[in-house]
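This one's a predicted model, so the numbers in the text were calculated from it and none came from an experiment. Proteins come first, then strands; the chains are lettered A, B, ... in the order of their sequence lines, and each starts at number 1.
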Amino acid sequence: MKVHPFNKRISPKVVRLEDNEKSYDDSDDEHDQQYVSKAALNAKAKSLLSVRETLPVYQNSDVILEHIRGNKVTILIGETGSGKSTQIPQLLLQEATRGGIKGAIAVTQPRRVAAINLATRVAEEYGCNVGSTVGYSVRFDNRTHATKTKLKYLTDGMLLRELMLDRKLKEYKVVMIDEAHERTILTDLILGFLKHLLLTTRPDLKVVVMSATLQAEKFSHFFENAPILFVEGRKFPVETFYVSQACDDIVDATVRCCVQLNSGEQLGDILCFLPGQEEIDKVVDILNKVSDHLGAGVPRLVALPLYAALPPAAQTKVFEPVSGFRRKIIVSTNIAETSVTIAGVKYVVDSGLRKCKVWRHQLGLSTLLTVPISKASAAQRSGRAGRESAGKCFRIYTEQDYGRLPDQSEPEIARCDVTAPLLMLKQLGVADLVNWKWLEHPGRDAIVQALQELYMLGALDDAGNITSDGRTMALLPLAPHLSRVLIEAHKNGCLSPVLDIISCLSVENLMLNPPPELRDDINARRLAQCPRGSYYGDLIMLKELYDLYVQLSSPHDRKHWCAQMAISARGFRSVIKVRAQLQGYVNSLKWHAQTTSIPLPADKAEIANILKSFLTGFPKNTAIGMPDRSYRTTLHGETISIHPSSLLFSASYSVSPIKELPSSRAPAILYTEYVFTVKGYARCVSRLELEWLQQLRPTALSKQAL
DNA sequence: GAGCACTGC
């Protein structure tokens, strides 16, 4: 075995981690709301104080407060471990109770779990129950009190939702944007809107942007050269090594690196970063096989995969410590870079690659590309080795290659579909989107394309102003296309089944990909249990699955059925939550329609109404069957294939279970997703009749809508 | 007859 020597050393890069990251938990049940007595709370808070006093932010509190008091906007570089997310909000809270600040403090987070954990921690430190003075607000879980809560942790999506209901954010005196360097679309939008507020109706608002080092200048520049404050973190050194020559087989190189590291370094777990599931499964497999052939003086290897699509039970395994003369190797996607923190990691192996979804706005399709990471990402990954003690990071790329990496990854807004963000801005009263002060301009083409899309969906009128339907669409927690479908379903009198289907569509990874050996069995079961779906396609299949699921009464039966059907049980529990939330929204719209769920009617016209409702939301996502059995897209005439994960794909190879609905190729198809891998694939596919396409509004498919 | 990084309302 040829071994690449890790002989080049650079100055240790040091990063320490926050305590606010995801604790991986299978149960998504809300925690018990326990009221703890004042005395017990005070005792707990007192015991935590000594730890807090050692935090860098705490020690520099006077300087930080002075800056925030003296400036409208403060950019704060709080290195990880500085205590910025927990301590600064508390300093401001104390100031507020002394009368220095009137109004509440909002702290945004990109992830739900972070918001919940931070609020819980800070409430303990402050000596109150969560939901009183300190609270949080995330989707499906609001623990705030209308008048008592003075410090609110919330997801950035939630703050935007609040913005839509109250454009001035009257409730707040201070808004802190945490993890701003991650540059999610939502944070970008919030920052743009805060800038707008400061210049117009809320010059009194205090804004604190918390970020990692590399983006601080950009934020400062965006906010008229706001001062940048630097607070050091507590950190352990991480030594970084590079390979001396580039390698083309990343799986092989990762395995070699782990084996070499295992025999040469003291005990401590290894965390490997690879781009995707395929590479991860290969590496795990090889490492576990290699482990049996290691020499006597060398620890055995326990390799474990980690990626989001993994069943929860397999995910929790990575947190269990291994005992004896063994070394745990976690082989992970980007999920371990920000979303998940694993204790015990002393070594990091970094492939320098990640997968990135890129939206092609001209084509309306998405592709998943493997791309090099940024320098910021590389630092974040290596930092995972220095959480508990000094660590080492092995980069499977050369130092020259590192030098060529971009400083930052391209912000999300530059590579995503901006239809939903633009509708949000329109709802917030931004008339001129092209000249809106973007932190990062998504590009004129992307904006024009998205505006056309919104016009086509009836969210904007000829003048580009938001319509009343558009306002409804912006308020629903759905992609604009799905909101359109819901409005249409109401007109077509099929709101209830469409609510069921849309709830299923809103949950990622609901339908699992069965392993190859089970694939035929699972497909057969899905076909047998969804006779109408076998004919009408995946949307109707989802409704049939929904009906089957809710008929099962015990959690045990539901879990068992999900396993049988290769459906995520956890996912289906979310479906029920989403369904309830959407029903709440719809009821508040006073549509006076049936919203509670009822079983799918047998009537053909009713099913046609459901599919026609979806057609109105996705007129571009249609294709027509050709004599050669291929499908061509309605808009551009490109060849598109039904993805093998679709029920219509399996159905074309089997006999229909219902006599009245004999198997026949769909004359036209509707799909909710268009992805390009080796060729163009339609995913989540339904059957259309040709005349339904002809009945579409003429504007629906026009290319020059604006 | 195919593969899918990660969030958020």
Side-chain angles (χ1 to χ4, degrees), chain A residues 21-22 108-115 137-142 154-165 179 182-190 273-281 306-310 332-340 351 353-358 366-371 373 377 409 412-413 415-416 420-421 423-424 427 473-480 482-483 503 506-509 511-516 519-520 523 574 577-578 581-582 584-585 641-646 648-654 673 675-683:
Chain A
E21 286 141 345
K22 190 181 244 174
T108 71
Q109 294 292 321
R111 282 169 290 277
R112 281 168 50 95
V113 185
S137 170
V138 300
R139 191 181 191 183
F140 304 129
D141 197 3
N142 183 349
L154 66 179
T155 45
D156 37 23
M158 267 301 184
L159 186 67
L160 268 171
R161 205 142 272 276
E162 291 190 0
L163 254 170
M164 281 196 274
L165 300 173
E179 313 287 356
E182 286 190 25
R183 302 292 311 277
T184 67
I185 288 185
L186 300 178
T187 352
D188 272 25
L189 288 178
I190 289 174
F273 286 100
L274 286 169
Q277 180 178 343
E278 194 185 341
E279 296 88 348
I280 288 169
D281 288 342
L306 178 63
Y307 41 81
L310 216 57
S332 171
T333 60
N334 242 3
I335 192 170
E337 195 178 304
T338 49
S339 302
V340 173
S351 66
L353 298 170
R354 69 186 172 110
K355 289 215 175 176
C356 180
K357 199 170 193 167
V358 179
S366 62
T367 51
L368 205 65
L369 304 173
T370 301
V371 297
I373 59 171
S377 243
S409 307
E412 204 184 358
I413 195 133
R415 54 183 166 82
C416 278
L423 181 59
M424 228 177 252
Q427 162 73 3
M473 290 161 71
L475 286 171
L476 290 167
L478 294 169
L482 288 176
S483 300
S503 304
S506 299
V507 172
E508 293 283 316
N509 296 329
M511 305 301 292
L512 304 170
N513 301 321
R519 198 180 289 156
D520 288 346
N523 282 342
S574 321
K577 278 195 205 172
V578 173
Q581 190 189 31
L582 289 177
Y585 272 104
S641 308
I642 297 177
H643 195 274
S645 63
S646 168
L648 285 188
F649 186 95
S650 310
S652 65
Y653 287 89
S654 63
E673 212 183 336
V675 295
F676 197 93
T677 52
V678 286
K679 55 178 176 175
Y681 281 109
R683 306 201 63 198

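The NZ atom of A/Lys357 sits 11 Å away from the P atom of B/dA5 (whole-angstrom rounding). Atom CG of A/Leu163 and atom P of B/dC9 are 15 Å apart (whole Å). Atom CD in A/Glu182 sits about 12 Å away from atom C1' in B/dG8, given to the nearest Å. Protein atom CZ of A/Arg111 is 16 Å distant from nucleotide atom C1' of B/dC9, rounded to whole Å. Taking atom CZ of residue A/Phe649 and atom C1' of nucleotide B/dA2, one finds them 8 Å apart after rounding to whole Å. Between A/Glu162 atom CD and B/dG8 atom P there is a gap of 17 Å when expressed in whole angstrom units. A/Ile413 places its CD1 atom 14 Å from the C1' atom of B/dT7, with the value rounded to the nearest Å. Rounded to an integer number of Å, the gap from CD1 of A/Ile373 to P of B/dC6 is 16 Å.
Closest to the side chain of A/Arg415, from the set B/dG1, B/dC9, B/dA5, is B/dA5. Distances from the side chain of A/Lys355 to the nucleotides B/dG1, B/dA5, B/dT7 place B/dA5 closest. Considering only the side chain of A/Gln277, B/dA5 comes nearest among B/dC9, B/dT7, B/dA5. Closest approach to the A/Ala308 side chain among B/dG8, B/dG1, B/dC6 is made by B/dC6 (side chain taken as heavy atoms from C-beta onward).
Nearest-nucleotide assignment on DNA chain B puts the 5′-proximal partner with A/Arg354, out of A/Pro110 and A/Arg354. In terms of position along DNA chain B, the nucleotide closest to A/Gly276 lies nearer the 5' end than the nucleotide closest to the other residue of the pair A/Gly276 and A/Leu476.
Side-chain atoms of A/Ser377 and A/Glu337 include a donor-acceptor pair closer than 3.5 Å.
Taken from OG1 in A/Thr155 to CD in A/Gln109, the straight-line distance is 9.5 Å, to the nearest 0.5 Å. Rounding to the nearest 0.5 Å places CD of A/Glu179 at 8.5 Å from OG1 of A/Thr338.
A/Asp281 comes within 4.0 angstrom of no nucleic acid atom, judged by non-hydrogen atoms across all strands. Within the nucleic acid shown, A/Val138 comes within 4.0 Å of sugar-phosphate atoms alone, with no base atom in reach, counting heavy atoms only. Residue A/Leu478 is classed as a base contact, given a heavy-atom separation below 4.0 Å to a base.
In terms of the side-chain hydrogen bond (donor to acceptor under 3.5 Å, both in side chains) criterion, residue partners of A/Arg161 (sequence neighbours excluded) are, by chain and number, A/Tyr585. Residues that satisfy the side-chain contact (heavy atoms from CB on, under 4.5 Å) test with A/Glu279, not counting sequence neighbours, are A/Ile250, A/Val251, A/Leu274, A/Pro275.
Within the structure, every side-chain polar atom (N or O) of A/Thr184 is placed at least 4.0 Å from both OP1 and OP2 of B/dC6. For A/Thr333 and B/dC6, the shortest distance from a side-chain N or O to OP1 or OP2 is below 4.0 Å.
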